[in-house]
*Asks:* 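The following block contains the structure, expressed as structure tokens.
A, B, ... follow the sequence lines: proteins, then strands. Residue 1 opens every chain. The shown structure was predicted, so the numbers you read here are calculated from the model rather than taken from an experiment.
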2 protein chains.
Amino acid sequence: MRADALVRRRLLIDAATELFCTTHPAEVTLEAVAKKAGVGIATLYRNFADREELMVECAASALRRAVAIAQQALADFADDPAAAWEGFVRGLVDLGVGPLVPALAPEHLTELPPAVNAVRDELAGSISDLLSRAQEAGLADPSLSGPQFMAQLIVITRPPISGVLDLDPDVTDRLVTALLLPPAR
Amino acid sequence: MRADALVRRRLLIDAATELFCTTHPAEVTLEAVAKKAGVGIATLYRNFADREELMVECAASALRRAVAIAQQALADFADDPAAAWEGFVRGLVDLGVGPLVPALAPEHLTELPPAVNAVRDELAGSISDLLSRAQEAGLADPSLSGPQFMAQLIVITRPPISGVLDLDPDVTDRLVTALLLPPAR
């Protein structure tokens, strides 16, 4: 693929990912994605056969970014465990794990294409490594497995309905901060 | 209203509430509600002009039940603070606060009809009383207001998507248990 074609493909994936983070999935139309990326709808269709294919590429891209965040945290862990652990968790939150998983995950996570599932397995491994280290350092609840921790992070960072934001506009941040409190504080 | 008419109205509200707890709101049709209640659709329309009116009645009914749960907990508090506080929180979870608020709340909670808003204000007062007592007893995070606590409870008990349940089928219960951990544990 030519360099400018690669750039346009990247723009489309980033635009779609941003829309899936901020908008109800049903309202993320291919037209809206093309418009946000600043390309024509024909360019979108040259890159992605359909909405499903675009969603899989968004999921793969987000998973690769999550792997990079986890690897950075693993590299930084020895120097400053608390900062590395918090950086990892807040990195996943900023990546949009709360809105992206409900928007992009198929009915069951195992239904992802094999190439995407391989990245997902790599991420799961990094998360388990990092959680073990955080648990050894007294930074995380020692009773939780990697998948259990991720399930909690996805649930608490899923965008709240507006009525809940009326009750507390900072509810997501407050829940993330509580999740980051060391156990047996 | 005759006794049997009241019973049918109650059956319809309970059936609708149960469906809103277990089914995506878009799939809760009036036909499904009538069928679950074991009455004909004409009976439903004699009781509720439209879906909106039925939803308001479901919200009012759930709010009244929540007030009763809070008042019970306030009455029991002096005897056993920890059991009263946990009973209140788990009572709201069992009532379906997580699915019902997103399903039934209008865009902003203040848009409820005045009669329903009065019950909501009464509930908010009871929750603030109870939370203050729990905080004094060292059972709840002293930095949280009543609305902030409710926002957290609604977020963590909203039904997770199936992919998240693949990661941890018990994620909701685990988050509620964590919310109930005394602070500065």
*Asks:* Under the side chain to side chain contact (heavy atoms under 4.5 Å, CB included) rule, what do A/Gln148 and B/Val171 come out as? Steps first, then yes or no, please.
*Replies:* CA-CA 7 Å; A/Gln148 287 167 352; B/Val171 61; over 6 Å; no
*Asks:* Are A/Leu54 and A/Leu63 in one and the same hydrophobic cluster, where Ile, Leu, Val, Met, Phe, Trp and Tyr link if side-chain heavy atoms are under 4.5 Å apart?
*Replies:* no
*Asks:* Which residue in the set A/Asp168, A/Val164, A/Leu167 passes side-chain contact (heavy atoms from CB on, under 4.5 Å) when paired with B/Pro147?
*Replies:* A/Leu167
*Asks:* Is A/Ile69 linked to A/Ile13 within one hydrophobic cluster, defined over Ile, Leu, Val, Met, Phe, Trp and Tyr using a side-chain heavy-atom separation of less than 4.5 Å?
*Replies:*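 Each belongs to a different hydrophobic cluster.
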*Asks:* Can you hop from A/Val39 to A/Leu19 via hydrophobic side chains spaced under 4.5 Å?
*Replies:*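 Result: yes, single cluster for both.
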*Asks:* Drop me the distance from B/Ile161's CD1 to A/Ile154's CD1, to the nearest 0.5 angstrom.
*Replies:* 7.0 Å
*Asks:* Would a hydrophobic clustering, with Ile, Leu, Val, Met, Phe, Trp and Tyr connected at side-chain separations under 4.5 Å, put B/Leu12 with B/Ile41?
*Replies:*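 Same cluster.
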*Asks:* Name the member of B/Leu179, B/Asp170, B/Ile156 that forms the most heavy-atom pairs with chain A at distances under 4.5 Å.
*Replies:*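 Looking at each of B/Leu179, B/Asp170, B/Ile156 in turn, B/Ile156 comes out on top.
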*Asks:* Is A/Val89 linked to B/Leu175 within one hydrophobic cluster, defined over Ile, Leu, Val, Met, Phe, Trp and Tyr using a side-chain heavy-atom separation of less than 4.5 Å?
*Replies:* yes
*Asks:* Applying the side-chain contact (heavy atoms from CB on, under 4.5 Å) test to B/Arg174, which of A/Asp141, A/Leu144, A/Val155 qualifies?
*Replies:*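 Of A/Asp141, A/Leu144, A/Val155, side-chain contact (heavy atoms from CB on, under 4.5 Å) with B/Arg174 is met by A/Leu144 alone.
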